[in-house]
Amino acid sequence: MTFLTWRGTACQIFNVGKYRREAQADMMQQMPTPSMDNDGDNSDEEKDTTNTTDENENEDEDGNNSDDNDKTSKRKTVGACDANFFDHNNPMAREIRSRAAKMAMEDMITWLRGDASKDNKPPRRASSGMMAHINKNKVAIFDATNSTAARRKWVLEELNSPAMEEGMKTGVIFVESVCDDAEMLEENFRFKVQNSPDFEGMTIDEAIDDLRKRVEKYEEQYETIQDDTQSYIKIFNLSSKLLVNHVYGKMAKVVVPSLMSWNIGSRPIYLCRAGETGTAVINSESGSEGGSISQMMSPRRGGMLGSSGLRFRDALAQFLEREGFDFAAKRESALKEAFTPSVVSTGTSVSGIAPGASSLAVGKTLPFRIHVMSSTMPRAVETATWPSLPCEVDELPNLNPLDKGDFSGMEIEEIKEKDPQWYELLEEDPFITRFPGGECYKDLIHRLETCIIDMEQQVNMVCVVSHISVLQVLIAYFRRTPIEKCASIRVPMHTVIKFTPVTGGSWSESQHALDPELPAENLAAESDEEPGPIW
């Protein structure tokens, strides 16, 4: 969902488990006893909903069961369901699950229909390519197990029913995840039980045991996708293998590569601007090329690093070497803890790599790799080339700065004076306003899609050396900042922005100023005071 939203697609998840818990909570509040918690069900429940507890199993040793009563009351409030609720032979629970799926489907269809005329309204004064057109495609995620052929048939029938707009094109792709990696399953189980309301009031061991029983209930009814007339993607062990059937067009170009790239490795990603060339003007108030548009000046595109830029380059190499040794030590510890002779090496483990650290050596001394990505601008390539830390630099034109077209080489004040009408559009909406003959921020997204996928698929450290506009778009992805607001993200000079994956698919962020001669007070990731666009 993050990738789709970042690239400008309207995306929303409809989690059937959430609807199921709400329906269960309403019913349990009306019942004198929590009998439904012992009901069973199976198959078509949502995969995000995974856990619960049995309310009769936690009596204190001294016979005091007040804590049990509190847990039972809380479970009733959140609509928690234990494994028996997913027994297919439990008709009452099966009815609740079916009702929840129907409610989620109705809401999803309503959202998909929406107001097409409003969603695709052309921007004001968008003639002659001055402003990019925003076409809001919609992707709805019906987040449920959908683990039987009958349920999948029902999904297709509903999305082709009269409730949908006549003539509205709605494609359906089923995504099936198949996992037999013991380590990965264990990690996923622990994440589920720690985050799902279904396990409210359970210990970790009790919750995992209940979840395993639930999985057994699912397996009793599980039917893998075999109908090749349907569009589907099967993912094996996260992304070690993909089977794609009847997936074409945008989905093949966007969704399939992204599904292949994601892993649960712990590698950090480092973003930084190219070092100073000596031609850029530093904002004396903020210590970075930030603030308002009028305060910005552009370095020469072909300029080489100045003295401070070279100082930053050397500091960057030292910083990454320290980070590399720390990363290698943590990875080695994780591998020793995770892998045993009985575990098959799949390359999709929790640590993100197959065992065998010797294969990761760079040269003869370094126990880590760094995937270095740079724009083709000389100052960026020079910043990413470290005599003390030899790494191959992947020079990518996709990482080049925003193309200013007819205004290339001009300062922002000159542009304002030359074309005040265009400058007014820029201030009004910097995200979709194109430089004449050049690009806008929205255009950057399309050429950075492959870079995001390249970064996501790495299992070793990644360092990206680029420029303000490009880094703003990349940072918006990792922060999950609305992409339309990326033009206001601050990117400090001679500072490394580090993103580290955390459980659940998000990223933690830290900033590291490497030049002591530049002020460092402007390191806030996001402040209450929204800055102006940065060029």
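Along the sequence shown, residues carry numbers from 1. Basis for what follows: all heavy atoms, side chains included, without hydrogens, waters or symmetry-related copies.
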Do Leu474 and Leu271 have side chains that approach each other closer than 4.5 Å (heavy atoms only, starting at C-beta)? yes

Asn137 and Thr9 side chains, donor-acceptor separation under 3.5 Å: no

For Glu417, what residues pass the salt bridge (charged side-chain N to carboxylate O under 4.0 Å, His left out) criterion, not counting sequence neighbours? none

Would Glu219 and Arg214 pass as an ion pair if we require N to O under 4.0 Å? no

Donor-acceptor check, side chain of Ser196 to backbone of Lys192, threshold 3.5 angstrom: yes or no? no

Look at the side chain of Ser408 and the backbone N and O of Gly405, then say whether any donor-acceptor pair between them is shorter than 3.5 Å. yes

For Thr500, is there any backbone N or O sitting under 3.5 Å from a side-chain donor or acceptor partner on Ser508? yes

Partner residues of Asp406 under the side-chain contact (heavy atoms from CB on, under 4.5 Å) criterion, sequence neighbours left out: Pro436

Taking the side chain as every heavy atom from C-beta outward, state whether Phe319 and Val496 have any atom pair closer than 4.5 Å. yes

Distance-only donor-acceptor check, side chains Ser469 and Gln472, under 3.5 Å: no

Arg379 CZ to Arg273 CZ distance, which is reported to the nearest 0.5 Å: 9.0 Å

Any side-chain heavy-atom pair of Ser266 and Lys330 under 4.5 Å: no

Let's go through Glu424 and Lys416 carefully: what are the C-alpha distance in whole Å and the side-chain angles of both, what is the deciding distance for salt bridge (Lys or Arg N to Asp or Glu O under 4.0 Å) to 0.1 Å, and is it a yes or a no? CA-CA 8 Å; Glu424 181 184 345; Lys416 180 178 180 180; over 6 Å; no

According to the salt bridge (charged side-chain N to carboxylate O under 4.0 Å, His left out) rule, which pairs have a member within residues 312-325, sequence neighbours left out? Glu323-Lys498

Measure the spacing between CG of Leu320 and CD1 of Ile370 and express it to the nearest 0.5 Å. 5.0 Å

Does any non-hydrogen side-chain atom of Ile489 lie less than 4.5 Å from one of Arg479? yes

Can you tell if the side chain of Leu316 reaches within under 4.5 Å of the side chain of Cys272, non-hydrogen atoms only? yes

Contacts of type side-chain contact (heavy atoms from CB on, under 4.5 Å), residue Ser388, not counting sequence neighbours: Ala317

Distance-only donor-acceptor check, side chains Lys234 and Thr224, under 3.5 Å: yes

Which atom pair, heavy atoms only, marks the closest approach of Pro430 to Ala487? CG-CB, 3.9 Å

Just by distance, with hydrogens left out, do Glu456 and Tyr477 show a side-chain donor and acceptor under 3.5 Å apart? yes

How would you list, by chain and number, every residue that makes a side-chain contact (heavy atoms from CB on, under 4.5 Å) with Val256, sequence neighbours excluded? Ile233, Leu242, Val244, Val247, Met260

Using the salt bridge (charged side-chain N to carboxylate O under 4.0 Å, His left out) criterion, which residues pair with Asp454? Sequence neighbours excluded. none

Partners passing salt bridge (charged side-chain N to carboxylate O under 4.0 Å, His left out) against Glu382 (at least two apart in sequence or in another chain): none

Could you tell me if Thr450 and Asn398 have a donor-acceptor pair between their side chains, going purely by distance under 3.5 Å? yes

Can a donor-acceptor pair be found, under 3.5 Å and without considering hydrogens, that links the side chain of Glu176 to the backbone of Ile225? yes

Just wondering, do Val393 and Cys391 contact through their side chains at under 4.5 Å, heavy atoms? no

Approximate separation, where rounding is to 0.5 Å, of Ile141 CD1 and Ile13 CD1: 4.5 Å

Interatomic distance, Tyr441 atom OH to Leu448 atom CG [nearest 0.5 angstrom]: 11.5 Å

Please check: side-chain N/O of Gln458 versus main-chain N/O of Met455, any donor-acceptor pairing under 3.5 Å? no

Using atom types as modelled and distance alone, determine if a side-chain donor or acceptor of Asp443 lies under 3.5 Å from a backbone N or O of Cys440. yes

For Tyr232, what residues pass the ring-ring contact (aromatic ring centres under 6.0 Å, His included) criterion, not counting sequence neighbours? none

Sequence neighbours left out, what passes side chain to side chain donor-acceptor pair (under 3.5 Å) with Ser308? Give chain and number order. Glu276

Looking at Val255, is its backbone amide N or carbonyl O close enough to the side chain of Ser258 to form a donor-acceptor pair, meaning the two atoms are under 3.5 Å apart? yes

Across all chains, not counting sequence neighbours, the side-chain contact (heavy atoms from CB on, under 4.5 Å) partners of Ala140 are Phe14, Met108, Trp111, Leu112

Determine whether a donor-acceptor pair (N or O, by modelled atom type, separation under 3.5 Å) exists between the side chain of Glu449 and the backbone of His446. no

Listed by chain and number, what are the side chain to side chain donor-acceptor pair (under 3.5 Å) partners of Ser375, not counting sequence neighbours? His467

Taking side chain as C-beta onward, heavy atoms only, is Met373 less than 4.5 Å from Cys451? yes

Centres of the Phe499 and Phe478 rings: under 6.0 Å? yes

Honestly, is Lys241 close enough over Phe236, meaning NZ or CZ under 6.0 Å from the six-membered ring centre and within 45° of the axis? yes

What pairs of residues pass the salt bridge (charged side-chain N to carboxylate O under 4.0 Å, His left out) test when at least one of them lies in residues 383-401, not counting sequence neighbours? none

Any sub-3.5 Å donor-acceptor pair from Thr277's side-chain atoms to Met304's backbone N or O? no

Give me the atom names and distance for the closest heavy-atom approach of Cys486 to Val473. SG-CG2, 4.0 Å

Return yes if a side-chain donor-acceptor contact under 3.5 Å exists between Gln511 and Glu509, otherwise no. yes

Rounded to the nearest 0.5 Å, how far apart are CZ of Phe312 and CG of Leu514? 5.5 Å

Taking all heavy atoms of His494 and all of Gly275, pick out the closest pair and write down the distance. NE2-CA, 3.7 Å

Is a side-chain N or O of Arg480 found less than 3.5 angstrom from the main chain of Thr2, in a donor-acceptor match? no

Side-chain heavy atoms of Ile497 within contact of Ile475, under 4.5 Å: yes

Show your reasoning for whether salt bridge (Lys or Arg N to Asp or Glu O under 4.0 Å) applies to Arg190 and Glu186. CA-CA 6 Å; Arg190 290 190 176 276; Glu186 184 69 20; 3.5 Å; yes

Between Thr495 and Ala513, the two heavy atoms sitting closest are OG1-CA, 3.8 Å

In terms of side-chain geometry, is the basic nitrogen of Arg447 or Glu439 positioned less than 4.0 Å from the acidic oxygen of its partner? yes

To the closest 0.5 Å, what do you measure between CG (Asp210) and CG (Asp205)? 12.5 Å

